[in-house]
Undergrad: 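First, the structure itself, so that you have it in front of you.
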Amino acid sequence: MRPTLLAFALALLAWLLVAGKELQQRRPEWHWYLTGYPRTALRVVFTWSKVAHLNGLTVSRKPTRRVLGDLTVKGDPLRPRTPRISFPRSTPNGLELLVRLRAGQTPTPFLAAADALAHAWRMHAVRIISPERGAVLITATASDPLEHPGRPAAPEPAALLSAVVGALETGRAWVMDFRRVPHWLIVGATQSGKSTLIARLITQLAPQPVALIGIDCKGGMELSLVAQRLSALATCRTEAVIVLGALVTDMKDRMRLCRAAGARSIWDLTEKERPVPVVVIVDELAELYLTNGSKEQRAEAEQCSTYLLRLAQLGAALGVHLVVAGQRVGSDLGPGVTALRAQLSGRICHRVNDPGTAEMALGDLNKDAVAVAQSIGEAEQGVAVTVGDMGAWMRSRSRLTTSAEVQEAAAQFADLTPNVPCLASAVEGGAGA
């Protein structure tokens, strides 16, 4: 029996050595589960006490201060207590373990020790968060998944209004789920990855029974590539006023429908009664707000601001969702922008040219994320910091989607483009005027 087991072990080892590189290239998560995770998990378990002691993550069994007469004596603990950890749980590109803090401990020393833990466990990076009081979650990644956000190929999202747009730093798929986070704000400098992210989002939503509305006031240079799959496309501010106004009117009709059925949202209606969900994609918000000072242009900008704010405030329950992109989305564009930004709970910040943009996008949700966003370099196109439904920030990278790919997706699913009557009549009326 023993020779048989030994032969099997040797054969398995030989197979891993020969096929290891091929497996790592094609199925990196399998390679990690078979070779990296067992070795790293044991290393974490057996070195935890020593690593915790060397990095000040332990507490004393007795007070470190003593009073001898009138003299207070302070010294290092001789019998430290190491906080308890769970057995490391595997993830597609690393592992996670939960630390139960001892009385008097805080997460701060663990945050400072993140780099030391990564070196001790020979991991690419370690991230520390505190999911609950008295606990710290340590997430370690074996390699940088943002180098290849499209590998391994992510499965197509099964849920309606859900799109797999890239990879998170944990190795998991980066999913934009409009049912959980109804509205998104995307900021970033030129060539930072905004257009790539929007292109990937459209290719993922194109096969779904969703109405896509494009507002591209740069003459439609970006979104005209997917015009076949758009239920409406506004290429200037005048057209944007018409389209947004029609959506606000349609939203009122959805309210009446829900009220008549005794439903709090369109998702409480039957599938037959439910109106088609709408995703409005605004490329470069500033073009809707900047004016030359004329009365007519100011009126148009104010109208756009009012319509967008109404859609953001009321649209989530009515199946109307916003994706607003721009290089800078701040109060300098107008008083309505700040109110709109507050309604966009999903935030994505690519590389920015000034700290103020990162602060505007992420500062009101998480201060730590602002510094991380400012560290994104010019070579890291597509890399961003995202804040979603849980309020926790995460580094991410969108999957590269070329113009040819997004055009092909738009043509392939053009026959799925829903006909939204209010939009069709509004656009025809505007053209006639």
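Side chains are part of it too, since the values below use all heavy atoms of this structure and drop only hydrogens, waters and symmetry mates. All of these numbers come straight from a predicted model, not from anything done at the bench.
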Undergrad: Quick check: does any side chain N or O of T249 sit under 3.5 Å from a backbone N or O of G245, one acting as donor and the other as acceptor?
TA: yes

Undergrad: For L288 and C304, work out which heavy atoms get closest and say how close.
TA: CD2-SG, 4.1 Å

Undergrad: Could you report the tightest heavy-atom contact between D354 and T357, atom names first, then the distance?
TA: OD1-OG1, 2.8 Å

Undergrad: Quick one: is the NZ or CZ of R179 closer than 6.0 Å to the six-membered ring centre of W267, and within 45° of its axis?
TA: yes

Undergrad: Atom CG in L340, atom NE2 in H183: separation rounded to 0.5 Å?
TA: 9.0 Å

Undergrad: How long is the gap from CG on D216 to CD on E287, to the nearest 0.5 Å?
TA: 9.0 Å

Undergrad: If you measure from the Lys or Arg side-chain nitrogens to the Asp or Glu carboxylate oxygens, is any gap between K194 and D283 under 4.0 Å?
TA: no

Undergrad: Would you find a donor on one side and an acceptor on the other, under 3.5 Å apart, between the side chain of T401 and the backbone of T196?
TA: no

Undergrad: How far does OG1 of T139 sit from CD of E169, to the nearest 0.5 angstrom?
TA: 8.5 Å

Undergrad: Hey, are the side chains of W393 and L362 touching, using non-hydrogen atoms and a 4.5 Å cut-off?
TA: no

Undergrad: Side chains of R254 and V278, heavy atoms from C-beta outward: is any pair under 4.5 Å?
TA: yes

Undergrad: Walk me through it: do S396 and V383 pass the test side-chain contact (heavy atoms from CB on, under 4.5 Å)?
TA: CA-CA 6 Å; S396 55; V383 174; over 6 Å; no

Undergrad: Given side chains that start at C-beta, do those of Y307 and L247 come closer than 4.5 Å, heavy atoms only?
TA: no

Undergrad: So do the side chains of I198 and L223 get within less than 4.5 Å of each other, counting heavy atoms only?
TA: yes

Undergrad: Quick one: CD on E284 to CD1 on I215, what's the gap to the nearest 0.5 Å?
TA: 13.0 Å

Undergrad: Is R395 reaching over with its side chain to a backbone N or O of T386, donor-acceptor style, under 3.5 angstrom?
TA: no

Undergrad: Ignoring hydrogens and geometry, is there a side-chain-to-backbone donor-acceptor pair from Y289 to G336 under 3.5 Å?
TA: no

Undergrad: Between P275 and L257, what is the shortest heavy-atom contact and its length?
TA: CD-CD2, 3.9 Å

Undergrad: Would you mind reporting whether M255 and L318 have side-chain heavy atoms less than 4.5 Å apart?
TA: yes

Undergrad: Which atom names give the shortest non-hydrogen contact between W48 and P83, and what distance separates them?
TA: NE1-O, 2.9 Å

Undergrad: Can you tell me if NZ on K50 sees more than 12 non-hydrogen neighbours from other groups inside 6.0 Å?
TA: no

Undergrad: Has S86 got a side-chain atom pairing as donor or acceptor with L98's backbone, closer than 3.5 angstrom?
TA: yes

Undergrad: Counting neighbours of CD on E296 that are heavy atoms of other residues, nucleotides or ligands and sit closer than 6.0 Å, is the number greater than 12?
TA: no

Undergrad: Please tell me if the side chains of V280 and V324 come closer than 4.5 Å, counting only heavy atoms from C-beta onward.
TA: no

Undergrad: What heavy-atom pair brings V406 and A199 nearest, and what distance separates the two atoms?
TA: CG2-O, 3.7 Å

Undergrad: Ignoring hydrogens and geometry, is there a side-chain-to-backbone donor-acceptor pair from R102 to V59 under 3.5 Å?
TA: no

Undergrad: Before you tell me yes or no, could you show the steps for R229 and Q412 under side chain to side chain donor-acceptor pair (under 3.5 Å), namely the whole-Å CA-CA distance, both residues' side-chain angles and the distance that decides it to 0.1 Å?
TA: CA-CA 9 Å; R229 183 55 184 85; Q412 181 181 355; over 6 Å; no

Undergrad: For T141, is there any backbone N or O sitting under 3.5 Å from a side-chain donor or acceptor partner on N93?
TA: no

Undergrad: Mark yes or no for whether Q105, through its side chain, and L57, through its backbone, hold a donor-acceptor pair below 3.5 Å.
TA: yes

Undergrad: Start with the C-alpha gap between L314 and V248, add the side-chain angles, then the distance that decides, and say whether side-chain contact (heavy atoms from CB on, under 4.5 Å) holds.
TA: CA-CA 9 Å; L314 305 174; V248 171; over 6 Å; no

Undergrad: Within a strict 4.5 Å, meaning less than it, do heavy atoms of the L185 and R347 side chains meet?
TA: yes

Undergrad: Which value, rounded to the nearest 0.5 Å, describes the distance between T91 atom OG1 and E96 atom CD?
TA: 6.0 Å

Undergrad: Which value, rounded to the nearest 0.5 Å, describes the distance between S90 atom OG and L95 atom CG?
TA: 8.0 Å

Undergrad: Which heavy atom in A167 sits nearest to a heavy atom in L146, and how many Å separate them?
TA: O-CD2, 3.4 Å

Undergrad: Distance only, no hydrogens: is a donor on one side chain within 3.5 Å (strictly under) of an acceptor on the other, for T235 and E239?
TA: yes

Undergrad: Would K252 and R310 count as a side-chain contact (heavy atoms from CB on, under 4.5 Å) if you check the C-alpha gap in whole Å, the side-chain angles of each, and the deciding distance to 0.1 Å?
TA: CA-CA 11 Å; K252 294 178 181 177; R310 290 288 304 279; 4.1 Å; yes

Undergrad: Please examine the side chains of H321 and L161, heavy atoms only from C-beta on, and report whether any two atoms are closer than 4.5 Å.
TA: yes

Undergrad: Could you go through the side chain to side chain donor-acceptor pair (under 3.5 Å) check for S305 and E302 one step at a time?
TA: CA-CA 5 Å; S305 176; E302 291 175 3; over 6 Å; no

Undergrad: Say whether, by atom type as modelled, one donor and one acceptor occur between the side chain of H350 and the main chain of A384 under 3.5 angstrom.
TA: no

Undergrad: Is a donor on one side and an acceptor on the other found under 3.5 Å between the side chain of R399 and the backbone of V164?
TA: no

Undergrad: Do you know which of V323, L160, V210 makes side-chain contact (heavy atoms from CB on, under 4.5 Å) with F178?
TA: V323

Undergrad: Would V243 and I213 count as a side-chain contact (heavy atoms from CB on, under 4.5 Å) if you check the C-alpha gap in whole Å, the side-chain angles of each, and the deciding distance to 0.1 Å?
TA: CA-CA 9 Å; V243 170; I213 311 298; 3.6 Å; yes

Undergrad: Under 3.5 Å, is there a donor-acceptor pair between the R397 and Q381 side chains?
TA: no

